[in-house]
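These notes are about the structure you will find just below.
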Amino acid sequence: MGRSLLIEKSVEDQVLENLYKKANFQIGLLLGQQSEPKDFVTHFIDSPDPVEEEAATEADDIGSPRKSKPSKTNKNDELFDVKWVAEHGRQVNRMLIGGISVLGMFIYCPTDVASKNQAKFSQCLHSLQMRLEPNKWLKKAYLHSDRYLLHICSATKKLTCRSIDLLDKQATAKPVECKFQSFLSNWHTVATNIDVHINVSVPLSSKATETEKSILAACRYEIDQIWNAYATENCKLLDDEQLIATNILSNTKSKSKNKQDVQIGKCMTFTLFKSPAVKKVEEVVEQEVTYLEVKFFGAIHAKAALNSKASYGKAITSLKVDLIRSLLTRVELLCEEADVNNLDQVEEWSLVSPTRVFVQVPNSPAYFCDYSFKDESVDDILSRFSELLNVSTKQSELVYLERSPDVSEASMLFHLPEKPSDQQSDIVSELSNSLLDEQGGKKHIYLLVGVMVILIAILLNLIL
């Protein structure tokens with residue numbers, strides 16, 4: 001028996017009803033969760049119209065049109081832009097929590113149009129997957145390599161679903177059983193916080209992409225530790241094979257006098273502990289290479305959504321995926337936000353890591369998230385939720401579980417006195433000493449750059 005695909009009933013009641021009112025063509029993303037032997041679709045996300053030509057060109061240069069707003073363009077010669085759909089998928093992937101991923105694409109169009117464009121749809125699905133989850137651990141978290149093409153006939157409203165094994169170059173599309181069912185109300189949410197401490201020097205390249213690769217490579221050790229961390233709940237090690245729902249029901253029966261203490265759909269908090277390991281000695285780089293000092297330190301908040309039959313092992317893996325994806329996203333956004341070729345000319349706040357902002361999906365344990373820089377407004381956050389995810393939310397619904405350093409904390413780093421005072425933290429003293437030790441005009445400039453990049457780390461002192 002092959003795989004099957006369950007679609008949340010509310011998607012049919014809300015999203016598809018709106019889709020039926022549109023024109024004859026719409027393409028978008030399927031978001032959901034892999035499981036055995038069936039997968040779950042939780043959201044349909046319309047891909048917006050491609051950005052204007054100039055903005056798209058600029059996006060190719062910097063890696064992502066994060067702040068570019070989609071605007072309608074007339075393309076009579078093609079139905080959709082493969083590169084843009086893949087880029088939209090990459091940006092949406094940043095806004096997902098653990099347990100939720102891009103499962104494939106949906107296409108709303110007449111049947112004859114779908115038949116003529118099967119090869120292009122398949123190409124788009126491959127391009128989309130190439131833009132997602134470049135890290136080896138994130139790839140490892142997938143249960144299988146099948147991705148879905150769901151066609152919705154604009155004339156008959158009939159759904160036809162096929163899957164393609166993206167790791168098999170000779171694979172052909174296979175039919176998949178697809179049906180609607182209510183399941184999100186029985187899902188669970190898990191959360192954790194973990195301290196991150198990265199202190200590395202990377203060579204500063206004249207190309208932004210090369211510097212980003214160096215920083216990502218420098219984070220590898222910390223990422224490996226996160227993936228190999230072990231989890232506890234209430235100081236008790238978790239059994240990977242045990243089903244979360246079984247444990248919840250068991251606890252509910254044992255506390256029959258107060259059943260509201262434990263219930264299905266409740267958010268559980270785990271504690272992750274990174275195992276100590278010997279760090280591999282880094283390669284020695286020639287002295288004339290200019291170094292960029294990068295420090296991340298603070299606590300990252302992670303969330304994951306799990307289906308009703310998920311085990312603790314699946315929950316832990318989903319949290320680790322969320323932590324790693326969140327860390328990598330911050331590095332990418334920082335390298336996109338700051339023009340790495342002119343680091344010594346950027347504004348002070350541009351190299352402070354963005355904080356994570358959550359919004360809960362109505363009538364669901366699932367969340368979406370965004371990353372907000374210090375100089376961005378709430379309207380910027382709400383706009384991205386609307387443009388990239390088709391989610392209309394209010395300021396009061398935003399959930400802040402992390403915070404950036406305030407102005408006084410940042411100014412302590414930007415305006416270091418020659419002799420650190422007793423009130424300064426060890427971190428500030430360390431930075432001050434590093435500045436005093438370096439001599440020479442050019443080296444001094446890059447050390448100032450290093451200090452700015454150090455602010456990458458002072459991100460995540462938790463509010464909660």
Side-chain angles (χ1 to χ4, degrees), residues 2-12 15 28-45 89 92-106 125 128-129 132-133 137-150 161 163-166 176-192 240-246 248 264-268 270 302-326 358-369 389 391:
R3 305 197 62 80
S4 61
L5 193 67
L6 295 184
I7 304 175
E8 168 59 32
K9 179 65 175 177
S10 61
V11 172
E12 180 184 34
V15 180
L29 307 174
L30 297 175
L31 306 184
Q33 186 170 117
Q34 291 186 344
S35 182
E36 293 291 354
K38 55 192 174 185
D39 293 338
F40 302 90
V41 172
T42 57
H43 299 89
F44 280 49
I45 304 296
V92 167
N93 192 57
R94 293 169 165 176
M95 306 177 79
L96 306 181
I97 64 170
I100 305 297
S101 58
V102 178
L103 297 183
M105 299 163 32
F106 75 87
L125 193 61
L128 173 65
Q129 192 60 31
L132 305 179
E133 315 296 25
W137 294 124
L138 300 186
K139 291 181 179 179
K140 186 177 179 179
Y142 284 109
L143 296 178
H144 58 81
S145 55
D146 285 358
R147 298 297 180 269
Y148 299 99
L149 284 173
L150 178 64
C161 187
S163 67
I164 300 177
D165 185 350
L166 298 186
V176 174
E177 179 185 5
C178 177
K179 62 181 180 179
F180 293 95
Q181 181 176 316
S182 296
F183 53 78
L184 273 179
S185 59
N186 292 329
W187 280 29
H188 321 290
T189 305
V190 293
T192 192
D240 289 353
E241 302 299 325
Q242 186 176 9
L243 298 180
I244 296 177
T246 302
I248 288 178
I264 292 181
K266 175 186 175 182
C267 180
M268 295 166 285
F270 298 158
K303 288 184 179 295
L306 284 307
N307 67 73
S308 59
K309 295 186 178 181
S311 65
Y312 279 103
K314 176 64 176 178
I316 296 168
T317 298
S318 298
L319 283 175
K320 291 177 179 179
V321 166
D322 192 48
L323 287 167
I324 295 171
R325 184 193 285 161
S326 179
F358 296 90
V359 62
Q360 186 168 10
V361 180
N363 303 317
S364 166
Y367 286 77
F368 290 125
C369 73
L389 296 173
V391 173

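In this text, all values refer to a predicted model and were calculated from it rather than measured experimentally.
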Practice item. Answer with yes or no whether the side chains of His144 and Asp165 bring together a donor and an acceptor at under 3.5 Å. Key: no
Check your understanding: Of the non-hydrogen atoms in Ala305 and Ala366, which two are nearest, and what is the gap between them?
Key -> CB-CA, 4.3 Å
Practice item. I would like to know whether His43 and Val361 meet side chain to side chain contact (heavy atoms under 4.5 Å, CB included); could you show each step before the answer? Key: CA-CA 10 Å; His43 299 89; Val361 180; 3.5 Å; yes
Review point. Considering all heavy atoms of both residues, which atom of Lys309 and which atom of Leu243 are nearest to each other, and what is their separation?
Key: O-CD2, 3.3 Å
Exercise for review: For residues Leu96 and Cys369, report the shortest heavy-atom separation together with the two atoms involved.
Suggested key: O-SG, 4.1 Å
Check your understanding: Would you say the side-chain atoms of Ser308 pair up with the backbone N or O of Trp187, donor to acceptor, closer than 3.5 Å?
Key -> no
Check your understanding: Taking all atoms of both residues into account, what is the closest heavy-atom pair of Leu166 and Leu125, and its distance?
Key -> CD1-O, 4.1 Å
Revision key, fill the gap. In terms of heavy-atom contacts, Lys303 and Asp322 come closest through N-OD2, 2.9 Å
**Study point:** Rounded distance (nearest 0.5 Å) linking atom CD1 of Ile100 with atom OG1 of Thr42
**Key:** 4.5 Å
Study note, to complete from the structure: The reported gap from OG in Ser4 to CG in Asp39 (rounded to nearest 0.5 angstrom) is 8.0 Å
Point to revise | Min side-chain heavy-atom separation Gln181-Glu8 under 4.5 Å | key: no
**Study point:** His188 and Met268: CA distance, side-chain angles, deciding distance, side chain to side chain contact (heavy atoms under 4.5 Å, CB included) verdict
**Key:** CA-CA 8 Å; His188 321 290; Met268 295 166 285; 4.0 Å; yes
Review point. Can you tell me if CD on Glu36 sees more than 12 non-hydrogen neighbours from other groups inside 6.0 Å?
Key: yes
Practice item. Using the six-membered ring wherever Trp is involved, compare the ring planes of Phe106 and Phe44 and label them parallel, tilted or perpendicular (cut-offs 30° and 60°). Key: tilted
**Study point:** Result of checking Phe183, Tyr148, Phe180 against Phe40 for ring pair (Phe, Tyr, Trp, His ring centres under 6.0 Å)
**Key:** Phe183
Check your understanding: Val190 and Tyr312: side chain to side chain contact (heavy atoms under 4.5 Å, CB included), yes or no, with the steps?
Key -> CA-CA 10 Å; Val190 293; Tyr312 279 103; over 6 Å; no
Practice item. Run the numbers on Leu5 and Val41 for side chain to side chain contact (heavy atoms under 4.5 Å, CB included), then give the verdict. Key: CA-CA 7 Å; Leu5 193 67; Val41 172; 3.7 Å; yes
Review point. Is there a side-chain contact between Leu319 and Phe270, using heavy atoms and a 4.5 Å cut-off?
Key: yes
Practice item. Using the test salt bridge (Lys or Arg N to Asp or Glu O under 4.0 Å), find all partners of Lys38 that sit at least two apart in sequence or belong to another chain. Key: none
Check your understanding: To the nearest 0.5 Å, what is the distance between CD1 (Ile316) and OG1 (Thr192)?
Key -> 9.5 Å
Review point. Would you say the side chain of Met105 lies within less than 4.5 Å of the side chain of Leu150, judging by non-hydrogen atoms?
Key: no
Study note, to complete from the structure: When every non-hydrogen atom of Leu306 is compared with those of Lys314, the smallest separation belongs to CD1-CG, 3.6 Å
**Study point:** Side chain proximity check, Leu29 to Leu128, heavy atoms < 4.5 angstrom
**Key:** yes
Point to revise | Phe368/Phe358 under ring pair (Phe, Tyr, Trp, His ring centres under 6.0 Å): CA gap, chis, key distance, verdict | key: CA-CA 6 Å; Phe368 290 125; Phe358 296 90; over 10 Å; no
Review point. If you measure from OG on Ser101 to CZ on Arg325, what distance do you get to the nearest 0.5 Å?
Key: 7.0 Å
Exercise for review: Find the distance between CD (Glu12) and OG (Ser182) and round it off to the nearest 0.5 Å.
Suggested key: 9.5 Å
Study note, to complete from the structure: So CD of Gln242 and CD1 of Ile244: to nearest 0.5 Å the spacing works out to 9.0 Å
